[in-house]
Enquirer: 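Okay, handing you the structure first.
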Amino acid sequence: MSVGERDPFTGHQTTGHEWNGIKELNTPVPKPVYFFLITFGAFALAWTLLMPSWPYGSGYFKGLLGVDQKQAVAKSIAEATAERADWMTRIDKEDLAQIQSDADLMRIVREDGRTLFGDNCAACHGANAKGNKGFPNIAQAPMLWGDEPQTVLQTVTVGINGTDPNTRVSQMLAFGREGTLTQAQVSLLAGFVKSLADPAAVTDNSKEDIAKGKDLFATNCVACHGNDAKGLVESGAPNLTDDYWIHGGSRDDIYQTIYSGRQGHMPSWGARLTPAQIKIITLYLLELRKQGAEPTAGGAS
Ligand code: HEC
Ligand code: HEC
């Protein structure tokens with residue numbers, strides 16, 4: 001078993017290593033291994049030359065192709081920002097109807113509007129805009145101050161009983177607490193108002209009281225709520241004949257409203273948001289209203 005011995009079965013020489021009678025053949029390295037080594041080496045070399053690779057002192061070799069992921073990201077962010085700035089300028093300049101008729105701008109309105117509404121309005125009006133006690137359902141209920149797009153934009157900008165010098169101002173007077181009416185009269189009025197939205201409240205027993213309440217309403221309430229009690233936009237007084245209640249629609253709630261009065265505060269958003277943001281929120285809200293406009297029995301109460 002010296003070096004140079006030939007294996008009789010395969011014809012290969014042996015290496016001279018032997019373990020327990022098993023001898024190692026001296027076979028050549030298979031050709032595919034060279035193939036892999038060469039292709040791998042060529043690829044690695046080409047890659048380090050083309051792509052950012054070797055670090056040196058203060059930097060790194062940038063590669064012949066000039067590929068730079070950081071720059072690529074920065075570029076696409078810059079492009080997106082420029083595109084947004086462009087959209088924002090258009091939202092800023094164009095009037096509501098123009099924006100409404102532009103599908104691209106309305107896509108921005110829907111995306112941004114949802115976020116802006118969530119950040120600024122949902123705390124009081126609820127995430128779905130359907131209101132909470134003391135805060136109206138602005139997705140469905142008739143608007144106190146009118147529902148023309150430009151009017152809603154104005155309401156949101158100046159607020160209601162807000163801090164803007166042009167704020168909309170309204171107040172439901174405290175008829176009971178201030179002694180304008182007796183408790184008994186307030187109670188008759190509550191019965192009448194309740195019967196407006198809820199015909200089931202009219203029974204043989206309550207008919208007479210409801211008629212008395214109606215007379216009291218005609219003398220004390222129509223100036224703001226209108227002869228038909230359907231509300232007047234000029235005074236920001238709500239419709240009392242539908243199923244939407246800001247302050248609750250139970251007889252007790254209504255009694256409380258008439259006895260103690262109410263004055264909701266809607267912030268003046270003109271001081272807190274940009275005109276473009278207010279446009280976006282208003283248009284977003286108008287879209288919500290289009291989708292959810294059917295009155296639902298029982299509404300917010
Ligand atoms: C601090 C609570 C509060 C926040 C926050 C708030 N609102 Fe209001 N909002 C009110 C109240 C209260 C009223 C009803 C006032 C009343 O009863 O007279 C109201 C009424 C409204 C109305 C109805 C106007 C009408 O004519 O009927 C709209 C529209 C409205 N809010 C939009 C918004 C938008 C948009 C935002 C967010 C930018 C917002 N609100 C944020 C409290 C709030
Ligand atoms: C000076 C105008 C004014 C007069 C007069 C007035 N109201 Fe009101 N009323 C309002 C306003 C404004 C509101 C909305 C208050 C708010 O939400 O901030 C309101 C709200 C109400 C509500 C609550 C509606 C809801 O959605 O919760 C009831 C009920 C009501 N009024 C009944 C009456 C009755 C009954 C009288 C007569 C005794 C009367 N009002 C007289 C202005 C008036």
Side-chain angles (χ1 to χ4, degrees), residues 124-126 129-148 151-152 155 159-161 167-266 289 292-301:
C124 290
H125 292 289
K130 290 191 180 161
N132 290 306
K133 206 158 180 181
F135 305 103
N137 176 340
I138 51 176
Q140 296 169 311
M143 288 280 169
L144 303 171
W145 296 94
D147 55 12
E148 284 301 311
T151 311
V152 178
T155 304
I160 303 170
N161 303 313
T167 184
R168 305 208 188 274
V169 177
S170 68
Q171 187 174 14
M172 168 64 197
L173 308 172
F175 287 91
R177 208 181 52 217
E178 291 182 357
T180 320
L181 297 171
T182 65
Q183 284 187 15
Q185 287 173 315
V186 172
S187 182
L188 291 170
L189 276 161
F192 167 67
V193 171
K194 177 72 185 159
S195 77
L196 290 172
D198 182 4
V202 189
T203 62
D204 283 345
N205 285 337
S206 64
K207 248 188 200 157
E208 215 176 298
D209 281 351
I210 287 174
K212 288 184 197 158
K214 188 175 181 182
D215 288 343
L216 285 166
F217 192 86
T219 26
N220 294 284
C221 320
V222 295
C224 292
H225 288 282
N227 287 324
D228 55 3
K230 291 196 171 158
L232 287 179
V233 167
E234 302 86 80
S235 48
N239 184 339
L240 302 176
T241 68
D242 62 21
D243 267 324
Y244 298 110
W245 296 95
I246 305 172
H247 305 285
S250 74
R251 205 176 180 288
D252 284 351
D253 290 328
I254 297 173
Y255 180 94
Q256 259 322 300
T257 297
I258 306 170
Y259 190 88
S260 307
R262 306 276 190 190
Q263 188 170 32
H265 291 274
M266 156 76 175
R289 288 174 68 79
E294 321 81 48
T296 51
S301 61

Enquirer: With no hydrogens and no angle check, is any side-chain donor or acceptor of Asn161 less than 3.5 Å from a backbone partner on His265?
Expert: no

Enquirer: Hey, are the side chains of Leu232 and Cys224 touching, using non-hydrogen atoms and a 4.5 Å cut-off?
Expert: no

Enquirer: Within the structure provided, determine whether Leu144 and Val233 are in side-chain contact (heavy-atom separation under 4.5 Å).
Expert: no

Enquirer: Hey, could you give me the CD1/CG distance between Ile210 and Leu189, rounded to the nearest 0.5 Å?
Expert: 11.5 Å

Enquirer: Measure across Asn239 and Ala229 and return the closest heavy-atom pair with its distance rounded to 0.1 Å.
Expert: OD1-O, 3.6 Å

Enquirer: Between Thr219 and Leu216, is there a donor-acceptor pair closer than 3.5 Å when you use the side chain of the first and the backbone of the second?
Expert: yes

Enquirer: With sequence neighbours left out, which residue pairs that include part of residues 222-236 fulfil the side chain to side chain donor-acceptor pair (under 3.5 Å) condition?
Expert: none

Enquirer: Can you tell me how far apart CZ (Phe217) and CD (Gln185) are? Round to the nearest 0.5 Å.
Expert: 14.5 Å

Enquirer: With a 4.5 Å limit on heavy-atom distance, are the side chains of Asp253 and Trp245 in contact?
Expert: no

Enquirer: If I compare all heavy atoms of Gln263 with all of Ser170, which pair ends up nearest, and what's the gap?
Expert: NE2-O, 3.0 Å

Enquirer: Atom NE2 of His247 and atom NZ of Lys133: how far apart are they, to the nearest 0.5 Å?
Expert: 10.0 Å

Enquirer: Does a side-chain heavy-atom distance below 4.5 Å link Pro136 with Tyr244?
Expert: no

Enquirer: Show the numbers, then the answer: is there a side chain to side chain contact (heavy atoms under 4.5 Å, CB included) between Leu181 and Asn220?
Expert: CA-CA 9 Å; Leu181 297 171; Asn220 294 284; 3.8 Å; yes

Enquirer: Mind checking the CD1-CD spacing from Ile258 to Gln183? Nearest 0.5 Å is all I need.
Expert: 12.5 Å

Enquirer: Without swapping roles, check the side chain of Asp209 against the backbone of Leu188 for a donor-acceptor pair under 3.5 Å.
Expert: no

Enquirer: Rounded to the nearest 0.5 Å, what's the gap from CZ on Phe192 to OG on Ser206? Could you check?
Expert: 12.5 Å

Enquirer: Can you measure from CG (Leu240) to CG (Leu196) and round to the nearest 0.5 angstrom?
Expert: 6.5 Å

Enquirer: Heavy-atom count check: over 12 atoms from other residues, nucleotides or ligands less than 6.0 Å from Gln171 CD?
Expert: yes

Enquirer: Judged by atom type as modelled, is there a donor-acceptor pair below 3.5 Å linking the side chain of Arg251 to the main-chain atoms of Ser187?
Expert: yes

Enquirer: Taking the side chain as everything from C-beta on, heavy atoms only, tell me whether Met143 gets closer than 4.5 Å to Thr151.
Expert: no

Enquirer: If only atom types and distance count, is the side chain of Lys207 paired as donor or acceptor with the main-chain N or O of Val202 below 3.5 Å?
Expert: no

